[in-house]
Each structure stands twice: as structure tokens, then as C-alpha cells.
Amino acid sequence: MKFFVDTANLAQIQEAYDLGILDGVTTNPSLMAKEGISGQEAVLEHYRKICAIVDGDVSAEVIATDFEGIVKEGEALAALHPNIVVKVPMIKDGIKAIKHFSSKGIRTNCTLVFSAGQAILAAKAGATYLSPFIGRVDDISWDGMDLIDQIVHIYNFYGYKTEVLAASIRNPLHIIKCAEIGADVVTCPLNAILALLKHPLTDIGLAKFLADHKKVNS
């Protein structure tokens with residue numbers, strides 16, 4: 001399973017790279033704004049900076065919601081760097097744009113997915129990645145993991161090549177469950193990934209080792 005970091009923060013991206021666990025990055029206008037990045041040229045330049053760090057795919061989201069606008073923005077984003085994957089919303093014109101991009105060899109990430117039906121449409125249109133939002137499904141008292149499981153089952157059954165990129169990850173348990181189910185990718189804040197490091201028995205064991213070492217070397 002691949003780990004993507006969901007951020008526009010260059011320091012966090014670099015930290016994930018240095019840890020050796022960074023397979024890619026996803027970001028969006030909200031995350032850009034959080035880093036104080038505004039204006040089209042500044043956003044494009046920031047994508048270039050991200051791509052300079054990341055060896056893998058970088059999802060760059062379009063703002064437009066009409067076919068012509070999505071295509072224009074997506075082609076401009078794809079031209080920035082070979083690592084760019086155009087992030088397209090799950091709407092009718094988005095699906096049309098994904099089909100267009102697929103025919104042009106431009107990779108896509110279909111985002112804001114909340115149902116298996118939407119997942120089927122995106123795969124048939126040729127999406128490279130599909131982003132079901134686990135946490136937001138949980139927020140409306142449905143089970144986000146059931147959705148991931150359903151999509152993985154359908155994709156495997158029919159041999160769709162679209163990769164399941166589990167998004168809206170809220171905690172390390174989400175990551176483990178996605179790995180068990182067979183999601184291809186998880187994208188989440190770096191702190192959720194770092195939480196996988198933590199276990200109380202590790203802390204207890206390390207404390208004991210250090211205490212024993214101190215006894216025999218004092």
C-alpha cells in the first residue's frame with residue numbers, strides 16, 4: 001500500500017520523504033490557502049516546489065466545474081511536471097473530462113467520491129486514482145470502511161485498473177483497516193502516519209533496555 005501525504009506544507013513533505021515512506025502527495029485549494037498560497041501563479045509555483053521533493057505522484061486539483069474549464073485547467077496543471085495527476089471532482093462534467101484526459105495520456109484522480117456507483121463511473125471513464133472519503137462518510141453515520149471494501153471488491157471482480165486512494169483518513173486505525181481491505185493508497189496528514197510509530201510496549205521496552213544499559217555501564 002502506498003502512502004500519500006495530504007498537505008501543501010513543504011516541511012512536512014520533506015519530513016515524509018526523509019523518513020522513506022513518501023510515495024506521493026495530494027493537495028487542494030484549502031490546503032494551499034492554509035499555507036498562505038494564493039493567486040494562480042503562486043499556486044503553480046508551489047506545485048513545482050512539491051514536485052521537486054516528491055519522486056511519486058502529486059495530485060493537483062482543478063477549480064472549474066464545467067467541462068471546458070476542467071480541461072483547460074487540467075492540461076495546464078499536467079504540463080507543470082510529469083509527476084502531476086489532475087484531481088477532478090465527481091460530477092458529470094468531471095467524468096467527461098476524465099475520459100478526455102485518459103485519451104490524451106493525462107493521469108487523473110477522481111475526488112469527492114462517496115458511493116460505489118460513483119466509483120464504477122470513474123473507473124469506466126479511465127481515472128488513474130479514485131478518492132473515496134472515509135471520514136466524511138463516517139460523519140453521516142455510514143461506515144467509510146464498508147465503502148472502501150465494496151469498491152475494492154468491485155474493482156478486483158471486473159479488473160478495473162483505477163487505484164483506490166482512500167482519503168479523509170482521520171487516524172492510524174483507518175490506515176490499518178485500509179491495508180487489511182486492500183486499498184492501493186491512503187492519503188492523510190503526516191501526523192496520522194507518524195502515529196503508526198507509537199505503541200506503549202515499545203516505549204516500555206526501550207525504557208527497560210536503556211535502564212539496563214545504564215546499570216552495566218555506570
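Since this is a predicted model, take the numbers as computed values, not measurements. The figures that follow rest on heavy atoms only: side chains count, while hydrogens, waters and symmetry mates do not. All residue numbers refer to positions in the sequence shown, counting from 1.
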**Study point:** Backbone N/O of A167 and side chain of S131: donor-acceptor pair under 3.5 Å
**Key:** no
Check your understanding: Are any non-hydrogen side-chain atoms of L130 and Y160 less than 4.5 angstrom apart?
Key -> no
Point to revise | Side-chain donor/acceptor of S59 to backbone N/O of T26, under 3.5 Å | key: no
Practice item. Considering non-hydrogen atoms only, spot the tightest contact between V71 and A97 and give its length. Key: CG2-CB, 4.3 Å
Review point. Nearest heavy-atom pair of T65 and I91: which atoms, and what distance?
Key: O-CD1, 3.4 Å
Exercise for review: Heavy atoms only: give me the nearest E15-L190 pair and the separation to one decimal.
Suggested key: OE1-CD2, 3.4 Å
Practice item. List the atom of G126, the atom of T108, and the distance in Å for their closest heavy-atom pair. Key: O-OG1, 4.2 Å
Check your understanding: Which atom pair, heavy atoms only, marks the closest approach of A8 to I13?
Key -> C-CD1, 4.5 Å
Check your understanding: I98, V86: one ILVMFWY side-chain cluster at the under-4.5 Å cut-off?
Key -> yes
Review point. Would you call K2 and E163 a salt bridge, using N to O less than 4.0 angstrom?
Key: yes
Point to revise | Pairwise ring pair (Phe, Tyr, Trp, His ring centres under 6.0 Å) hits with a residue in residues 1-35, at least two apart | key: F4-Y129
Point to revise | Main-chain N/O of I37 paired with H46 side-chain donor or acceptor, under 3.5 Å | key: no
Exercise for review: Mark yes when over 12 heavy atoms from residues, nucleotides or ligands other than K99 sit less than 6.0 Å from its NZ; otherwise mark no.
Suggested key: no
Check your understanding: Do any N or O atoms from the side chain of E73 and from the backbone of I63 form a donor-acceptor pair under 3.5 angstrom?
Key -> yes
**Study point:** Identified side chain to side chain contact (heavy atoms under 4.5 Å, CB included) partner of V137 from the options V113, D146, D143, L147
**Key:** L147
Practice item. Would you please name every residue forming a ring pair (Phe, Tyr, Trp, His ring centres under 6.0 Å) with Y47, sequence neighbours left out? Key: none
Exercise for review: Say whether, by atom type as modelled, one donor and one acceptor occur between the side chain of R107 and the main chain of A78 under 3.5 angstrom.
Suggested key: no
Practice item. Describe, in one word, how the ring planes of F114 and F133 are oriented to each other, choosing from parallel (under 30°), tilted (30 to 60°) and perpendicular (over 60°). Key: tilted
**Study point:** Under 3.5 Å: donor-acceptor pair, side chain of D138, backbone of G144
**Key:** yes
**Study point:** Main-chain N/O of G56 paired with N83 side-chain donor or acceptor, under 3.5 Å
**Key:** yes
Review point. Quick one: does N109's side chain have a donor or acceptor within less than 3.5 Å of a partner on K87's backbone?
Key: no
Exercise for review: With sequence neighbours excluded, tell me which residues meet side-chain hydrogen bond (donor to acceptor under 3.5 Å, both in side chains) with Q14.
Suggested key: D18
